[in-house]
Amino acid sequence: MRLERRIWGTTENDLDIILYILTNDNGASVSLCNIGAGIVSIVVPDKNGKMDDVVLGYRDPMSYFGDGPCAGKTPGRFANRICNGTFRIGNKDYHLVLNTSDGKHHLHGGPEGFANQLWTDEILDKSILFGYISQEGEAGYPGMVLAKVKYTWNNNNELIIELTARSNETTIVNLTNHSYFNLNGEGNGDILEHKLKLNAHNYLVATNELIPTGEIAPVKDTPMDFTEFKQIGADINANFDAIINGKGYDSCWALDNYKENELNYAATLLSDVSGRKVDVYTTQPGIQIYTGNWLNGSPIGKCGRSYKDYEGVAMECQGFPDAPNKPNFPSALLHQGDEYRQIIKFKFSII
């Protein structure tokens, strides 16, 4: 394993933007950045041995601050949506920053959330560890939280992400990775012919504002059924509320066989064109599939232009959105003295 650390740029406050490049013995590599503890690139071979970068990202490191797509980064303190930006712990109500496009709800920790912060960075053996301290009251959240994201890349072309957090008082935490995948290579067209399989017979029903209603419904006989491999574009224009409201897929599926703290198979994404495949495993209860429905107008990508809608698909392993307001969902509470710990693994291979 070869590890390179270099300064990629500087912020307006003259702080260093750090880029790590981890290259395994097969020549496959992962690039990581301390902006939002994010993934900048994943370069893996296709069926002919040709190396390509299979995640979306930007040429200019400063483009990662405040980008709408949240490309490759770690959203938090709570990934996804919280209805009306409010929740209760005990007898106390908390009010968060409202930052969805309609101004009604809280999304991904707010505009100053984890994804838009410069994290500390260090090398741990052959892994990279990023850290961030979220202060009491940040975006309206209770408690001070120390969050860490550890990345490990190995010779089996597996990227293992360990997400941890501790708080000095009871709060809520939901962390994930927000990479967009295109297994034909970033900038090489849309992902509508990619095939997706999910280990999920149920999904979370949501309102037209993409807030879960609390109902967990079967996918059978709906466009939400990915229990067998299906092209992403097969039903993406279906007359179905979840798809109409999201302008494509932007929903959370409840993973089968979920057991707390156990690594579970979640999904497989593959491309017949490139022959690349990525299997996803996680300790999280849900997976949000977002087909890049609003990528138009994104910052200039590594390919030299802005990405277009549907050029990447995000597979965000996470707790259920709006869990603090849904008692039937797995709890998002992090108690003082406890550790939040979740794992996501992306395993790349050839069909």
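We're numbering straight along the sequence, starting at 1. From a predicted model like this one, the values you see are computed outputs, not experimental measurements. The figures that follow rest on heavy atoms only: side chains count, while hydrogens, waters and symmetry mates do not.
- One finds the CD1 atom of I133 at 9.5 Å from the NZ atom of K148 (value rounded to the nearest 0.5 Å).
- The neighbour count for K230 NZ, taken as heavy atoms of other residues, nucleotides or ligands under 6.0 Å away, is above 12.
- By the salt bridge (Lys or Arg N to Asp or Glu O under 4.0 Å) test, D225 is found to be paired with no residue, residues two or more places apart in sequence or in another chain being considered.
- L210 places none of its side-chain heavy atoms less than 4.5 Å from the side chain of T100.
- Y249 and F226 have perpendicular rings, their planes meeting at more than 60° on a 0 to 90° scale where under 30° would count as parallel.
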Run V173 and F78 through side chain to side chain contact (heavy atoms under 4.5 Å, CB included) and show every step you take.
CA-CA 5 Å; V173 172; F78 193 94; over 6 Å; no
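- Tested against I191 for a side chain to side chain contact (heavy atoms under 4.5 Å, CB included), the candidates L269, I232, L183, L196 yield a single pass: I232.
- Side-chain atoms of N174 come within 3.5 Å of backbone N or O of A79 as a donor-acceptor pair.
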Apply side chain to side chain donor-acceptor pair (under 3.5 Å) to residues T268 and D279 and explain how you reach the verdict.
CA-CA 4 Å; T268 299; D279 296 307; 2.6 Å; yes
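- Taking the side chain as every heavy atom from C-beta outward, I18 and W8 never approach each other to under 4.5 Å.
- Under the 3.5 Å distance criterion, the side-chain polar atoms of Q117 are matched with a main-chain donor or acceptor of E112.
- In this structure a side-chain-to-backbone donor-acceptor pair under 3.5 Å is missing from Y151 to L22.
- In the displayed structure, R305 atom CZ is contacted under 6.0 Å by more than 12 heavy atoms of other residues, nucleotides or ligands.
- The number of heavy atoms from other shown groups lying within 6.0 Å of CG (N239) does not exceed 12.
- Within the 3.5 Å criterion, the main-chain N or O of I216 finds no donor-acceptor partner in the side chain of N202.
- N80 approaches Q318 most closely through the heavy-atom pair ND2-OE1, 2.9 Å.
- In this structure, CG in L32 is found 7.0 Å from CG in L159, a value given to the nearest 0.5 Å.
- Residue L107 is not grouped with residue Y141 when hydrophobic side chains (ILVMFWY) are merged at heavy-atom distances under 4.5 angstrom, including chains of intermediate members.
- The side-chain heavy atoms of D235 and M224, taken from C-beta on, include no pair separated by under 4.5 Å.
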Please assess H106 against Y94 for the test ring-ring contact (aromatic ring centres under 6.0 Å, His included), listing each intermediate value before the final yes or no.
CA-CA 12 Å; H106 181 75; Y94 294 91; over 10 Å; no
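- The side-chain heavy atoms of D250 and Q288, taken from C-beta on, include a pair separated by under 4.5 Å.
- A distance of 5.5 Å separates CZ of F229 from NZ of K197, quoted to the nearest 0.5 Å.
- Rounding to the nearest 0.5 angstrom, the gap separating the CG atom in N237 from the CD1 atom in I244 is 10.0 Å.
- Under the rule for a side chain to side chain donor-acceptor pair (under 3.5 Å), R6 has no partner lying at least two apart in sequence or in another chain.
- Under the 4.5 Å side-chain heavy-atom criterion for Ile, Leu, Val, Met, Phe, Trp and Tyr, F348 and L56 are members of distinct hydrophobic clusters.
- The distance from atom OG1 of T282 to atom CD of E316, rounded to the nearest 0.5 Å, is 12.0 Å.
- More than 12 non-hydrogen atoms from other residues, nucleotides or ligands lie less than 6.0 angstrom from NZ of K247.
- Screening residues 208-221 for salt bridge (charged side-chain N to carboxylate O under 4.0 Å, His left out), with sequence neighbours left out, gives K104-E209.
- Sorted by first and then second residue, the salt bridge (charged side-chain N to carboxylate O under 4.0 Å, His left out) pairs with a member in residues 166-195 read K195-D272; sequence neighbours excluded.
- Looking at every heavy atom in both residues, N154 comes nearest to N24 through O-ND2, 3.0 Å.
- No side-chain heavy atom of F346 sits less than 4.5 Å from a side-chain heavy atom of S179.
- Looking at heavy atoms from C-beta onward, F181 lies out of side-chain contact with S271 at the 4.5 angstrom threshold.
- Using bins of under 30°, 30° to 60° and over 60° for the plane-to-plane angle, the ring pair Y307/Y58 lands in the tilted bin.
- Residues L163 and V40 do not share a hydrophobic cluster, defined by chaining ILVMFWY side chains whose heavy atoms lie under 4.5 Å apart.
- A donor and an acceptor atom, one from each side chain of T23 and S29, are nowhere located under 3.5 Å apart.
- The two residues S31 and L19 have their closest heavy-atom pair at CB-CD1, 4.2 Å.
- With a 4.5 Å cut-off on side-chain heavy atoms, W294 and S101 do not count as touching.
- A continuous path of ILVMFWY side-chain contacts below 4.5 Å connects V313 to I161, so both sit in one hydrophobic cluster.
- Residue R5 holds its CZ atom at 10.0 Å from CG of L3, rounded to the nearest 0.5 Å.
- Side-chain contact annotation: N13 with T11, donor-acceptor N/O pair under 3.5 Å absent.
- Under a 4.0 Å N-O distance rule, the pair D322/R81 does not qualify as a salt bridge.
- For residues 45-63, the set of pairs meeting the salt bridge (charged side-chain N to carboxylate O under 4.0 Å, His left out) definition, not counting sequence neighbours, comprises K50-D52, D52-R276, D53-K302.
- Other residues, nucleotides and ligands contribute over 12 non-hydrogen atoms within 6.0 Å of the NZ atom of K345.
- Placement of V145 and F87 in two distinct hydrophobic clusters is found when ILVMFWY residues are connected by side-chain heavy-atom separations under 4.5 Å, directly or transitively.
- Residue pairs meeting the ring pair (Phe, Tyr, Trp, His ring centres under 6.0 Å) criterion with at least one partner in residues 252-277, sequence neighbours excluded, are Y265-Y281.
- A distance-only check finds a donor-acceptor pair linking the side chain of N245 to the backbone of D241 [under 3.5 Å].
- Nearest heavy-atom pair across G189 and N182 is O-ND2, 2.7 Å.
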Take Y203 and H201, measure what ring-ring contact (aromatic ring centres under 6.0 Å, His included) needs, and give me the verdict at the end.
CA-CA 7 Å; Y203 76 102; H201 283 79; over 10 Å; no
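- Crowding of E260 atom CD: a count of heavy atoms from other residues, nucleotides or ligands under 6.0 Å not exceeding 12.
- The shortest distance between side-chain heavy atoms of C33 and I17 falls below 4.5 Å.
- Across L295 and D309, no two heavy atoms sit closer than the pair N-OD1, 2.9 Å.
- For the residue pair Q284 and N264, no side-chain donor N or O sits within less than 3.5 Å of a side-chain acceptor on the partner.
- Aromatic ring pairs are classed by plane angle as parallel below 30°, tilted from 30° to 60° and perpendicular above 60°; the pair W119 and Y132 is tilted.
- In the model, N84 has no side-chain atom that pairs as donor or acceptor with a side-chain atom of T86 under 3.5 Å.
- In this pair, Y180 and Y290 present their aromatic rings perpendicular. The plane angle is above 60°, beyond the 30 to 60° band.
- Summarising the local packing, CE of M62 is surrounded by more than 12 heavy atoms from other residues, nucleotides or ligands at distances under 6.0 Å.
- The two residues A139 and G109 make their nearest non-hydrogen contact at CB-O, 3.7 Å.
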